[in-house]
2 protein chains.
Amino acid sequence: MRAEIIAVGTELLMGQIVNTNAQYISSGLADIGVGVYFQTVVGDNPERIKESLRIAKSRADVIICTGGLGPTQDDLTKDVLVELIGQQLILHEPSMNKIEELFRKRGVPMVESNARQALMPEHSDPLANDTGLAVGVALTHEGTHYLLLPGPPKEMKPMFDRYAKAWIASKMDAVEPLFSVMLKFAGIGESQLEHSLIDLIGAQTDPTIAPYAKEGEVAIRLTTRARNEVEAQAKLQPLESEIRSRVGDHIYAAQDITLEQAVLQLLSEQGKSLSVAESCTGGLLSDLLTNVPGSSASFAGGIICYTNAVKHKLLGLSMELLEGPGAPGAVSEEAARLLAENVLQITGADYGVSITGVAGPGESEGKPVGTVFVGVAERNGETVVRQTQQSGNRETIKLRAAKSALYQLWRKLKS
Amino acid sequence: MRAEIIAVGTELLMGQIVNTNAQYISSGLADIGVGVYFQTVVGDNPERIKESLRIAKSRADVIICTGGLGPTQDDLTKDVLVELIGQQLILHEPSMNKIEELFRKRGVPMVESNARQALMPEHSDPLANDTGLAVGVALTHEGTHYLLLPGPPKEMKPMFDRYAKAWIASKMDAVEPLFSVMLKFAGIGESQLEHSLIDLIGAQTDPTIAPYAKEGEVAIRLTTRARNEVEAQAKLQPLESEIRSRVGDHIYAAQDITLEQAVLQLLSEQGKSLSVAESCTGGLLSDLLTNVPGSSASFAGGIICYTNAVKHKLLGLSMELLEGPGAPGAVSEEAARLLAENVLQITGADYGVSITGVAGPGESEGKPVGTVFVGVAERNGETVVRQTQQSGNRETIKLRAAKSALYQLWRKLKS
């Protein structure tokens, strides 16, 4: 079953809002095994909406439109659809009653245009709107399924999840459901990973192998169709094992979680706490960790030692180490080691992680942009410091440095 | 001039990421007076990419593609375009040198596929990639302008802003140039701002008033066409003055800079330094500040006091204040005051800013999600603590709390 999504709204074309609806619907359709082949955005213009519907009709089994169901003259999606398929709009009584009831309650006179939200094509199924007024529409015409959903995400999402998905599922041929496993990687780049798996990717048929990369993260998803979980595992497992035998050191999870979630999970399982001393990342590592709900169980906090004065005053590094001719400087193996060990002592946590480097745009201490030292100290254990070279702009270097620190800690926690 | 945007990437159709690029480009094109008529998303499939290009070519003057310029076998945009217009791909030497240089620096062997990122159609202009490896492409074929930009926003945005916009503008018919002023607001919500300016927005013709909102930021842009700067100012100034007379207290800049940039600028002008004590924001405020190049001149660093133990040990708050029946607790006016004053003392900075609150998802100390106290302490000055109520999910509350702290500090620095 091939689906297309058409978002209607001039505000999208003006760049005033982001089309998050398309992402939400695409993701929801993937869950029920429906592939989306195109997403389109078109303005509140009847000719162009009709053109988009015609193009979509020529290549899709299901067309899902969002937007243009409101009360104003600009809300045209239903009008255009009925014109295209030669139907009339009729009043959906329950929706009309709801609208009238609302205006009665508010004590505001209802203007005629509000009734437009209760109109639907004569041969269609209404989709209830639990969080707003505009009724949704589902209908099949000449073998194509059309669904019209409201534009505001607060109305669209419940309607899609509660009613539209089930309606689409009821139109699908019985096929085996999709099963997939997401492998998440750290400490390895996208092209390096692909290079390691190039023969598998080239030869893929079933299961399929899809690589994903976003800033600071690399992942691949293995997907297959099967009658049940056991059958699916029998197909997915051998491929996953082969991948693990090649790059298993870099797989931090077999589910779609972030590296910081994986690290916090290990800390929690081991009953250990973490503190950080951040120089060049300036708080980003802590920010990533504290984006995870419940992180306070394992993450104690730390010190942002952005200047040498703070490294000296709060973390006890000597000025002789930090400054002066011939001194190792703040961006050094020695500084990273002491920052990690001292933040652990000062906070009383079980692990101390330090990051010191040059985020740019200019070099620092004569060291080039992207030079980063990461220290991982363990209570009553050995401290490990690694130097890495990161590339990108200031924000990218910060992110990659933070992820690299998380990866070093993850390896320590795994070992 | 009619533009269309085509985003290439199966990950978009799978709903794994949101197409924020389309919004960014649409908004940027609106600034230079180019209207976007369609946005399309298509997967990494050569036939469907070609179909999308053909449809776009039939109705647009400018086609901007994002994505599919990477090194992998899935990155097909350039291949499809040259096939469509009957050209060949040739090597762009400067980009190739950059790629080779990077691999040399990293000490990693370059795989052949990386060279794909340096290829461009034979009759095209390269668009430099200041933040990544894939070269961008601009070319005109049979009256249609094509631009190919990378998919990752960190590479796409600088390329679009610095090179693609100017290239498009150079292809436009000569009209009076656009002049605009961006007013950036803090401490006021989008709807509250719109409410204050509703008559101006309703009556706008020339200059136009376009509101922009993204998470944690509110802005409006005033735009007019004029022969020169003086003429433009004569049209823009009266409107800006009227807006300032109504909501001037909330305008932190008349240029497109972030609130953290504005704060750092004031600190730098006044020769003052800043330190922070972050509880519920967990490092985000420091991260925002240190994203600004040169921030180390004014931002000393601070303490992420995520747990009460750290608030006690590193920032000297008594356990009696923090815990126990009847204690004010960590989320309190008293705690915010002491955190701000003590971090200032400990670091020796001129200002201390504290944030303590409940980011959620659950309540804390019996205080509801979104409760946030911000403290601003000044050396030899008075400490001001304000309580605010933020809404949204965990990450949104963190961001709004950090922005609200920046706003309080900005007001203090302005007064």
Side-chain angles (χ1 to χ4, degrees), chain A residues 12-15 17-20 22-28 30 36-43 48 55 191-192 194-195 210-212 214-215 282-287 289-291 293 296 299-307 309-310 313-314 346-348 361 389 391-396, chain B residues 10-20 22-27 30 36-43 48 55 71-72 102 105-106 108 111 113-114 131 152 154 282-287 289-291 293 296 299-307 309-310 313-314 346-348 361 394-395:
Chain A
L12 290 161
L13 292 182
M14 302 275 290
I17 56 172
V18 176
N19 188 12
T20 54
Q23 182 266 331
Y24 191 85
I25 294 171
S26 292
S27 165
V36 174
Y37 285 72
F38 293 92
Q39 297 167 353
T40 305
V41 177
V42 60
R48 288 195 281 276
I55 292 171
S191 49
Q192 201 189 333
E194 192 170 312
H195 186 69
Y212 296 95
K214 50 182 182 178
E215 200 50 73
L284 174 60
L285 173 59
S286 304
D287 180 41
L289 288 162
T290 59
N291 278 346
S296 58
F299 179 63
I303 295 171
I304 297 160
C305 46
Y306 212 53
T307 55
V310 173
K313 252 181 136 160
L314 274 69
I346 292 166
T347 59
Q389 182 62 40
S391 59
N393 64 13
R394 185 177 173 89
E395 289 179 40
T396 308
Chain B
T10 301
E11 67 279 18
L12 289 161
L13 292 181
M14 303 276 289
Q16 284 161 340
I17 55 173
V18 176
N19 188 11
T20 54
Q23 182 266 332
Y24 190 85
I25 294 171
S26 293
S27 164
V36 174
Y37 284 72
F38 293 93
Q39 296 167 354
T40 305
V41 177
V42 60
R48 288 195 283 275
I55 292 172
T72 79
L102 183 92
K105 263 195 197 163
R106 282 200 196 148
V108 176
V111 293
S113 60
N114 286 104
T131 51
K154 283 195 180 152
L284 174 59
L285 173 57
S286 303
D287 181 40
L289 287 163
T290 59
N291 278 346
S296 58
F299 179 62
I303 294 171
I304 297 161
C305 46
Y306 212 53
T307 55
V310 173
K313 252 183 139 160
L314 273 69
I346 291 165
T347 59
R394 185 177 172 90
E395 289 180 39

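Since we're looking at a predicted model, the values are computed, not measured. Labels below follow one simple rule: chain letters A, B, ... track the order of the sequence lines, proteins then strands, and each chain is numbered from 1.
At distances below 3.5 Å, not a single donor-acceptor pair connects side-chain atoms of Q39(B) with backbone N or O atoms of T40(A).
In this structure, Q192(A) CD and N114(B) CG are separated by 10.5 Å, a value rounded to the nearest 0.5 Å. In this structure, CG on L289(A) lies 9.5 Å from OH on Y306(B), to the nearest 0.5 angstrom. Taken to the nearest 0.5 Å, the OG atom of S27(A) stands 8.0 Å off from the CD atom of Q16(B). Rounding to the nearest 0.5 Å gives a distance of 9.0 Å between OG of S391(A) and NZ of K105(B). Rounded to the nearest 0.5 angstrom, T347(B) OG1 and I303(A) CD1 are separated by 11.0 Å.
Between chain B and the options T290(A), V42(A), L12(A), heavy-atom pairs under 4.5 Å are most frequent for T290(A). In terms of heavy-atom pairs under 4.5 Å with chain A, the best-connected choice from S113(B), G283(B), A300(B) is A300(B). Counting heavy-atom pairs closer than 4.5 Å to chain B, the top residue among P361(A), A210(A), G282(A) is G282(A). In terms of heavy-atom pairs under 4.5 angstrom with chain A, the leader among T131(B), L314(B), T20(B) is L314(B). Heavy-atom pairs under 4.5 Å with chain A were tallied for A22(B), S26(B), G348(B); the largest tally goes to S26(B). The most heavy-atom pairs under 4.5 Å with chain A, out of C305(B), G43(B), S296(B), G302(B), come from G302(B). Per-residue heavy-atom pair counts under 4.5 Å with chain B were compared for I25(A), L285(A), N291(A), and the maximum is reached by N291(A).
Interface remark: V310(B) contributes side-chain atoms only to the contact with chain A (heavy atom separation under 4.5 Å). For chain A, the nearby parts of V18(B) are the backbone and the side chain; heavy atoms of each come within less than 4.5 Å. Residue contact with chain A, scored on non-hydrogen atoms closer than 4.5 Å, involves the side chain of I55(B) exclusively. Within the 4.5 angstrom heavy-atom criterion, only side-chain atoms of L102(B), from C-beta onward, approach chain A. At a 4.5 Å heavy-atom cutoff, the contact between P71(B) and chain A is made by side-chain atoms alone. Only the side chain of R394(B) comes within less than 4.5 Å of a heavy atom of chain A; its backbone N, CA, C and O stay farther away. Looking at A309(B), there are no atoms closer than 4.5 Å to chain A (heavy atoms on both sides), in backbone or side chain. For chain B, the nearby part of A30(A) is the side chain; its heavy atoms alone come within less than 4.5 Å.
Taking every heavy atom of both residues into account, S286(B) and I304(A) meet most closely at OG-CD1, 2.9 Å. When all heavy atoms of Q23(A) and I17(B) are compared, the closest pair comes out as CG-O, 3.5 Å. The shortest non-hydrogen separation linking L13(A) to V36(B) is CD1-O, 3.3 Å. Between I346(B) and K313(A), the closest heavy-atom pair is O-CE, 3.6 Å. The heavy-atom pair separating T307(B) from F299(A) by the smallest distance is CG2-O, 3.7 Å.
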field: Intermediate values then yes/no, side chain to side chain contact (heavy atoms under 4.5 Å, CB included), N19(A) and N19(B)
entry: CA-CA 7 Å; N19(A) 188 12; N19(B) 188 11; 6.0 Å; no

